[in-house]
Each structure stands twice: as C-alpha cells, then as structure tokens.
Peer 1: 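Can you keep this structure in mind? I'll have questions shortly.
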Amino acid sequence: MLVTAMLPCQAFGLSRADTPSPAYAPEFGIARPPIGFVRFCAENPQECKKVPGGSKRLAMDPGRWNMLYQVNTYVNGKIMPVSDMELYGESERWAFPVDAGDCEDYLLLKKHYLEELGFPPAALLITVVLDENKEGHAILTVATDQGDYVLDNRRNDITRWRDTNYTFLKRQSQSDPRAWVALLREKTIAYGTVGSSNAH
C-alpha cells in the first residue's frame with residue numbers, strides 16, 4: 001500500500017536550460033501492455049480510442065504548469081491509497097477511483113481530469129516503472145516541449161522523468177493509446193508484464 005506524500009508547492013515555469021539531457025525518455029520498440037490496462041480498455045473503449053491529429057508534445061506555459069500541479073495535488077489528496085485486493089477482492093483491476101485506489105487508479109483519474117481541461121491525450125502517457133525498491137509502480141508521463149515530466153501519487157511536485165530514481169520500463173505510444181513502447185533497451189521481453197499485478 002502506498003502512502004501519499006504531501007509536499008509543499010514548488011516553482012513552475014521551468015526553462016529549457018533547466019532540463020537535463022536527455023529531456024525525453026528514449027523508446028526502444030514495442031512492448032506488451034499491462035494486463036490490467038488491456039482489461040480497462042476492453043471495459044472502457046472510449047478511454048483508449050485513437051484521437052487523430054493534435055500535438056503530441058504539449059507546449060507548456062505557467063498556466064498549464066499550474067493546472068498540472070493542481071490536478072496532481074487534488075487527486076493525491078482526494079484518493080486514499082488502497083490495494084486492488086482490499087478494494088475489489090482482485091489482484092489487479094484498473095478503474096476510475098471514487099475515494100480509494102492504487103497507483104493506476106490515481107493516474108487514470110488525473111489523465112481524465114487533464115483531458116477535460118484540454119490537455120491532448122497523446123501527451124498524457126500511462127507509464128510502468130520499477131521504484132527504488134525494484135517494485136512495480138505506475139505513473140503518468142506528460143510529454144512536453146520541455147521534456148518528459150511525471151505525475152506520481154507518491155509526491156505532489158511535478159518531476160522530470162530522470163529525477164525520479166525510477167527505472168522506466170514501458171509506456172503508452174503517443175501515436176496509438178492501445179499500443180505500448182519499451183523504455184528499457186535490455187530485458188524488454190522479461191519486463192513485458194511488469195505492472196500487471198504489483199504496480200501499487
């Protein structure tokens with residue numbers, strides 16, 4: 001079970017000069033989507049449909065940074081961290097949370113809110129990582145013109161992907177939300193199902 005960290009507001013409006021290299025997470029071919037994601041799409045096809053056109057990398061400004069922060073902190077404070085087994089009696093279930101859920105549920109709600117605020121779906125990418133303890137975890141990557149940033153239920157600040165201490169395994173493709181790409185050059189096949197049962 002995760003404990004949501006409540007951190008103070010941090011400055012936004014980051015410049016390109018502040019962004020480390022590489023600013024964008026590299027991609028290494030296709031990857032298998034998490035089982036929970038496949039089931040979620042089958043039950044909620046409208047949430048996984050391909051949207052033609054639109055910007056893949058979001059042009060950021062102070063207003064958008066503020067919206068990202070507000071959505072991240074709001075959902076982190078609204079949802080209580082609870083495992084799927086405790087909530088649904090299942091080892092893995094992705095769903096929009098009402099007042100409790102695990103890491104995938106947090107990011108689904110954040111993605112939904114941000115899309116309602118006008119953020120392009122192709123810039124909001126569900127991502128599977130290994131955390132500092134080498135355990136599966138799921139976060140929301142925001143693909144911006146200043147780099148890839150992370151919305152995480154474990155912290156309220158918006159973090160550059162390279163500053164998370166996570167090992168990035170795979171994420172949704174920007175061109176097709178049902179397709180996934182590998183973010184790790186080696187052992188891509190072995191990590192194909194990470195996040196399907198233990199990303200909390």
Side-chain angles (χ1 to χ4, degrees), residues 1-10 12 14 25 33-34 36-37 39-41 43-44 46-49 51 54-84 87 92-129 131 136-144 146-161 163-164 166 168-174 177-178 180 183 195 199-200:
M1 179 184 297
L2 297 181
V3 176
T4 302
M6 291 300 181
L7 302 178
C9 179
Q10 298 193 3
F12 292 95
L14 302 176
F37 171 80
R39 179 179 175 185
F40 173 78
C41 286
E43 296 175 348
N44 304 274
Q46 72 282 0
E47 299 295 333
C48 302
K49 65 182 180 181
V51 179
S55 174
K56 291 185 179 180
R57 288 206 168 271
L58 185 65
M60 295 303 295
D61 58 37
R64 285 182 171 143
W65 282 118
N66 184 61
M67 282 190 282
L68 284 178
Y69 178 77
Q70 294 296 331
V71 168
N72 196 48
T73 55
Y74 174 74
V75 175
N76 286 355
K78 171 183 173 66
I79 304 303
M80 180 177 65
V82 176
S83 71
D84 287 335
L87 193 57
E92 183 68 5
R93 183 174 181 82
W94 293 31
F96 290 114
V98 175
D99 53 17
D102 66 0
C103 57
E104 300 97 346
D105 304 333
Y106 280 83
L107 72 83
L108 288 172
L109 188 57
K110 292 173 188 179
K111 182 175 170 70
H112 177 73
Y113 283 157
L114 289 169
E115 288 177 4
E116 287 191 330
L117 289 170
F119 284 67
L124 305 171
L125 308 172
I126 300 171
T127 306
V128 173
V129 301
D131 66 12
H137 183 48
I139 56 178
L140 185 64
T141 295
V142 183
T144 83
Q146 298 182 27
D148 290 339
Y149 288 82
V150 166
L151 274 61
D152 193 345
N153 64 305
R154 296 180 176 182
R155 59 192 305 163
N156 286 340
D157 56 320
I158 310 301
T159 311
R160 299 180 183 94
W161 78 279
D163 295 339
T164 60
Y166 294 158
F168 281 64
L169 302 180
K170 57 186 177 179
R171 73 181 181 193
Q172 285 179 295
S173 166
Q174 288 186 276
R178 288 180 176 266
W180 282 59
L183 302 178
H200 303 294

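The residues of the chain are indexed from 1 along the displayed sequence.
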Peer 1: Locate the shortest heavy-atom distance separating A143 from Q174; write the atom from each residue and the value.
Peer 2: CB-NE2, 3.6 Å
Peer 1: Could you walk me through whether R64 and V142 pass side-chain contact (heavy atoms from CB on, under 4.5 Å), step by step?
Peer 2: CA-CA 11 Å; R64 285 182 171 143; V142 183; over 6 Å; no
Peer 1: Hey, what do you get for CE (M67) to CG (N72), rounding to the nearest 0.5 Å?
Peer 2: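 CG of N72 is found 14.0 Å from CE of M67.
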Peer 1: Do I139 and F168 have side chains that approach each other closer than 4.5 Å (heavy atoms only, starting at C-beta)?
Peer 2: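 In short, these two side chains touch, coming nearer than 4.5 Å.
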Peer 1: Which pair of heavy atoms, one from G101 and one from Y106, lies closest together, and at what distance?
Peer 2: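 Of all heavy-atom pairs spanning G101 and Y106, the closest is O-CE1, 3.5 Å.
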Peer 1: Kindly assign one of parallel, tilted or perpendicular to the pair F37 and W94, based on the angle between their ring planes and the thresholds 30° and 60°.
Peer 2: perpendicular
Peer 1: Are Q146 and W65 packed together at the side-chain level, in the sense that at least one heavy-atom pair is separated by less than 4.5 angstrom?
Peer 2: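 The answer is yes; the side chains approach within 4.5 Å.
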Peer 1: What is the distance from atom CD of E104 to atom CG of D84, rounded to the nearest 0.5 Å?
Peer 2: 6.0 Å
Peer 1: Checking D105 against I79 for the side-chain contact (heavy atoms from CB on, under 4.5 Å) test, could you report, in this order, the C-alpha distance in whole Å, the side-chain angles of both residues, the deciding distance, and whether it holds?
Peer 2: CA-CA 9 Å; D105 304 333; I79 304 303; 5.8 Å; no
Peer 1: Can you name the closest pair of heavy atoms from C103 and A138 and give their distance?
Peer 2: SG-N, 3.4 Å
Peer 1: I need the minimum non-hydrogen distance between Y113 and V71, along with the two atoms involved.
Peer 2: CB-CG1, 4.1 Å
Peer 1: Would you give the length of the straight line joining atom CG of L151 to atom OH of Y69, rounded to the nearest 0.5 angstrom?
Peer 2: 11.5 Å
Peer 1: Taking N153 for the side chain and D102 for the main chain, is one N or O donor matched with an acceptor at less than 3.5 Å?
Peer 2: no
Peer 1: Which distance, rounded to the nearest 0.5 Å, do you find between the CD1 of I158 and the CG of D163?
Peer 2: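 CG of D163 is found 13.0 Å from CD1 of I158.
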Peer 1: A100 and L87: which non-hydrogen atoms are nearest, and at how many Å?
Peer 2: O-CD2, 3.5 Å
Peer 1: Do any side-chain atoms of residues 114-129 form donor-acceptor pairs under 3.5 angstrom with protein atoms, and if so which ones, sequence neighbours left out?
Peer 2:
residue, atom, partner, partner atom, Å
E115, OE2, K111, NZ, 3.4
E116, OE2, H112, NE2, 3.3
T127, OG1, L125, O, 3.0
T127, OG1, T141, OG1, 2.8

Peer 1: If you define the side chain from C-beta out and look only at heavy atoms, does anything of P34 sit under 4.5 Å from K170?
Peer 2: yes
Peer 1: Taking the ring centre of each residue, are F40 and F96 less than 6.0 Å apart?
Peer 2: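 Aromatic pair counts; centres sit under 6.0 Å.
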Peer 1: Can a donor-acceptor pair be found, under 3.5 Å and without considering hydrogens, that links the side chain of Y149 to the backbone of T144?
Peer 2: no
Peer 1: Per the side chain to side chain donor-acceptor pair (under 3.5 Å) rule, which among D131, D152, T164 passes with H137?
Peer 2: D152
Peer 1: Looking at every heavy atom in both L183 and A25, which two are closest together, and how far apart are they?
Peer 2: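 Between these two residues, the closest heavy atoms are CD2-CB, 4.4 Å.
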Peer 1: Rounded to the nearest 0.5 Å, what separation is found between the CD atom of E47 and the CG atom of L108?
Peer 2: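 The CD atom of E47 sits 8.0 Å away from the CG atom of L108.
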Peer 1: Kindly compute the distance separating CD (Q172) from CZ (R178), expressed to the nearest 0.5 Å.
Peer 2: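 It is 10.5 Å, given to the nearest 0.5 Å.
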